[in-house]
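First the structure, in the form of structure tokens, and then the observations on it.
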Amino acid sequence: MAAVVRVRGDAGPGLKDRLVDHVRERLAPFKIPSRWFIADQLPVTPTGKVRKFELRDAILGKELPEL
């Protein structure tokens, strides 16, 4: 499972650890993403919904940096 996050400013060291700690408190263990990616902007439809297929294609095309 993977997650794409939008970060304001610099990602900084330890961001992945802070994100994992945050979701570990709120999600079941099997739902915690094993891979984390950073995006400057999320692709959205005209109504504001995230275009998940474009994120998937960006991950497969190695266009998004991984934490």
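Throughout, numbering of the chain's residues begins at 1 and tracks the sequence.
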Are Val50 and Val5 linked, directly or through other ILVMFWY residues, by side chains that come within less than 4.5 angstrom of each other?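 Different clusters: Val50 never reaches Val5 through Ile, Leu, Val, Met, Phe, Trp or Tyr contacts under 4.5 Å.
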Where [X] and [Y] come nearest, the two heavy atoms and their spacing:
X: Ile59; Y: Phe37; answer: CG2-CZ, 3.6 Å
X: Ala2; Y: Pro33; answer: C-CB, 4.1 Å
X: Ala39; Y: Leu42; answer: CB-CD2, 4.2 Å

Can you tell me which residue pairs pass the side chain to side chain donor-acceptor pair (under 3.5 Å) test with a partner in residues 57-67, sequence neighbours excluded?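 Matches after skipping sequence neighbours: Arg35-Glu66.
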Give every residue pair that meets the side chain to side chain donor-acceptor pair (under 3.5 Å) criterion with at least one member in residues 39-49, sequence neighbours excluded.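 Residue pairs with at least one partner in residues 39-49: Thr45-Thr47.
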Using the test side-chain contact (heavy atoms from CB on, under 4.5 Å), find all partners of Leu67 that sit at least two apart in sequence or belong to another chain.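 Listed in chain order: Leu15, Lys16, Leu19, Trp36, Ile38.
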Taking only residues two or more places apart in sequence, or in another chain, which ones meet Arg51 in a salt bridge (charged side-chain N to carboxylate O under 4.0 Å, His left out)?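 So Arg51 forms a salt bridge (charged side-chain N to carboxylate O under 4.0 Å, His left out) with Glu54.
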Once salt bridge (charged side-chain N to carboxylate O under 4.0 Å, His left out) is applied, do any residues pair with Arg24, and if so which ones, sequence neighbours excluded?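 Listed in chain order: Asp21.
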For Arg26, all residues meeting side-chain hydrogen bond (donor to acceptor under 3.5 Å, both in side chains), sequence neighbours excluded: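 With sequence neighbours excluded, Arg26 shows a side-chain hydrogen bond (donor to acceptor under 3.5 Å, both in side chains) to His22, given in chain and number order.
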